[in-house]
Amino acid sequence: MAVRAALAELEPRDRDLIALKFAAGLANVEIAKVLGLSASNTGTKLHRAVEKLREACREEL
Amino acid sequence: MKSSERRAEHERAEATLATIDAALEAGRAGEEGDRERELGQLALTLRAGAPQPSASFAADLEERVWAGFSEAENDRSSARRRARGRWHGPMTPEGVRISRPALGTLAVTLLALVAVGGVLSSGGGMTRDGIVSQAPGGGAAAPPSAPEGDRGAGPSLDALSGGARSREGPSSGPRGLPVKPLPSSPGFAPEQPERRIERTASLTLAAPEDRLDTVSDGVVAVTDRHRGFIVSSSTFSGEDEPAGGSFDLRIPADELRATLSDLAALGTVRAQSQTGDDLTEPVATAADRLDGARADRRGLLRRLERADSDREARAVRRQLDRVSGEIGGLQRELEALEERTDYARVSVTLTDESSSGAAGTPSSTESALEDAVGSVVAAFNLAVRALGVLLPLALVAGLGWLGFSAARRRRSADATAASASVRAVADPTCTSSRWLTLFVATRLVATVVAAALLVAHPRPALGLAVAAVGYGVVTTLAALRWPPARARPAVWAADAAVVLALVLVAGEWRSPFYPLALTTLVIPATSLPVRRAAAFGAAFTGGYFAVALATGIDWAMLRTTSRLESLSTHLLMPVLIVVALAYAAHLLASLERERQRAEGLAVEAERNRIARELHDSAKQRIHAAHLVLSSAERRVPPGSAAASVGQAMSELRAATADMETSLSELRTPLEGRALGEAVRARARELEAAGTPIEVDGEAPSGLPTFVAVHAFRVASEAMTNAIRHAGATRVWVRLEEDGPGLTLTVADDGAGMPQRLRPGSHGLSSMRARAERLGGDLLVGARGEGGGTVIRLAVPLDRTEMAA
């Protein structure tokens, strides 16, 4: 699965971010608290991780 | 990174997040642009692809998030919230709440009975003291009354009382006690002139001090006149001590009455008492033994005469010596006894009238006080005895009233429960075998006990014993072979009535049939709800008390603790047994129900989990496919290929929608609710779309869970189809009990059948599949006037499948 492969290539930190966001369904603020980041920082990181994934999926196709 | 760049990125991040959130929220990708769509798809794929955490884990994670970073109070409150949510409280059996006042009354009553018993046993022999003592030997208190007196003593009595009164003088009130007439001699039972009674009498005379000597001489004279003798005497006089004297006399028994009369005439009688000991038995025994010993001696003498040898003669002589010694001892014994009964002991006390005059008032006050205390004590005895019998009856009546009034009040609310319980009893498989075993065992044992007691009685009542055995065996067999008979209250009442009649015929309330009577309570107690069972027990006790009254209760015998306790126990036992059995039966039945429900829920949960897993993986693949297709769509040049791709994508969208629908259905299982309730809830959910849905009727109670689940799915599917695909404006749903079976009907006024068969829709076929699995039929047809469709699911049910 392209998505899975792409996920595997992410850094652990980013994977956690993805997991907390999509699997556990936490909100940004909550993820920020868990990871000990600021909310905006979390948002930025998340944005970057998702973009990476999107690129990876695209490339595969 | 420069701040402007940072800001730009920040904005982009916000946009991304917004898109992702929107997609997750809506459950599908947005259409605004490629990027949005891709992001949305990606988000959905990620969500679908990641293993769903269990709800508890997610909740836990959330809690930890908040707990880790918020104040201590939040921590405590969330912990408390968590605790409250997870603790379901102890299982209280519904409908059975013995109110606390009733329990308190019961406890107090039992304590009171115990106290009563204690008082009675200690206050048993109350009436012994001083003033009037009864002569024992008969047991009954023979109230002294003039007619009972010996005719010969009549004139002397009158003279006596006249004399006493004249001595007291007209000015002062009577200070002496009236002389009580003595029991007639030679005994209480004139027809048995051989009674030997040892009598003792004591007399206290008062006289003015200067006359004391005269009175003393008078005592001596009277004694001589009546052929008695003085064992001892003493007089004392002095300045400090009150003057007085005492005499110990022996008077021949037949002269006793006359002696006492004469003595009483000497002065003012202050106190008098008599006791008698019936020595007839010991005397007779001693005489018999003496005769026996003498006969032995005669026999031995004869043997001695006939003795052949020296040795034998010596042996016989030895025995003779022994017997002679025995005879001597017996003779002495007999003489002593005869002496005791031939002569009565009289002790006379003289007191100074003036000194005792000063003490006279207090003594009469004392005696009056003693009188008063005596009567209070007697009244108390009576009251306590009455309580001992009335309290259990009151308790029983109270419980009975509680039972009847509660049954009346909750008749409507209880209707289903009561009919369910009665139906359960009528169903042979449902009368729990354990209670039947209890009934059979106790009835057989009680029958044997009754027969044994009747046969072992001094006056055996064989006829009754046979009747008891016959009745017990017949009823046991009937209970085993004839289930409907077990279930009717009329039968229970008849059973109890027959046994109570047997008690009546047997003639005493402490009957050999009592255990048998108790066994008539077993089946009602375990078949009825607790309060009705208590009412039944109370009615039984009332009946038993009536029988006891009819056979006669010896109220005087209740004076002793053991007798009183026996009656109280007889009255309390039925109610206690009934309540205990009824409560136990109720508890066991609700435990069984809970267990079945838990089982059903467990099965359902398992099935849901499996289905959800399947769904999740299917959804994941669909999303992935959508993702692939959407990026492919961009690269395919417009044309037929592009059109195909587009069609594939719309199918995938529809498939996603279908999955969502069915998944949402999975997420609302029956959850332990009744079918009717669940269908109504689902209808309310679907009504949100704007179409009114009418739900009518109820499913039969005791519907097996798997039937209910499939029927629910069918109903849900049918309602959904009617609204979403047939465009109905009204939907009707009906649940009916049809014979032993369920019928579900869903009708709508929509577009009718052909529209419903969307490509790829497996709605009808899945409904048919469910119907088949239930062993029923699915009928689909057109509704007559008004157009639309009718779907009917008919499932026959075997009676034995219905849960009790």
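Here the structure is a predicted model, which means the values were calculated and not measured. Convention: sequence-line order gives letters A, B, ...; per-chain numbering from 1.
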Original post:
How many angstroms lie between atom CD of Glu9(B) and atom NE2 of His47(A), to the nearest 0.5 angstrom?
Top reply: 5.0 Å
Original post:
Where do Ala13(B) and Gly43(A) come nearest, in terms of heavy atoms and distance?
Top reply: CB-O, 3.9 Å
**OP:** Decide if atom CZ of Arg680(B) counts as having more than 12 heavy atoms of other residues, nucleotides or ligands within a radius under 6.0 Å.
**Re:** yes
Subject >> Nearest-0.5 Å distance, CD of residue Glu14(B) to OG1 of residue Thr44(A) >> reply: 8.5 Å
Original post:
Quick one: what part of Ile20(B) sits under 4.5 Å from any heavy atom of chain A, side chain, backbone, both or neither?
Top reply: side chain
Original post:
If you round to the nearest 0.5 Å, how far is CG of Asp21(B) from CG of Asn28(A)?
Top reply: 6.5 Å
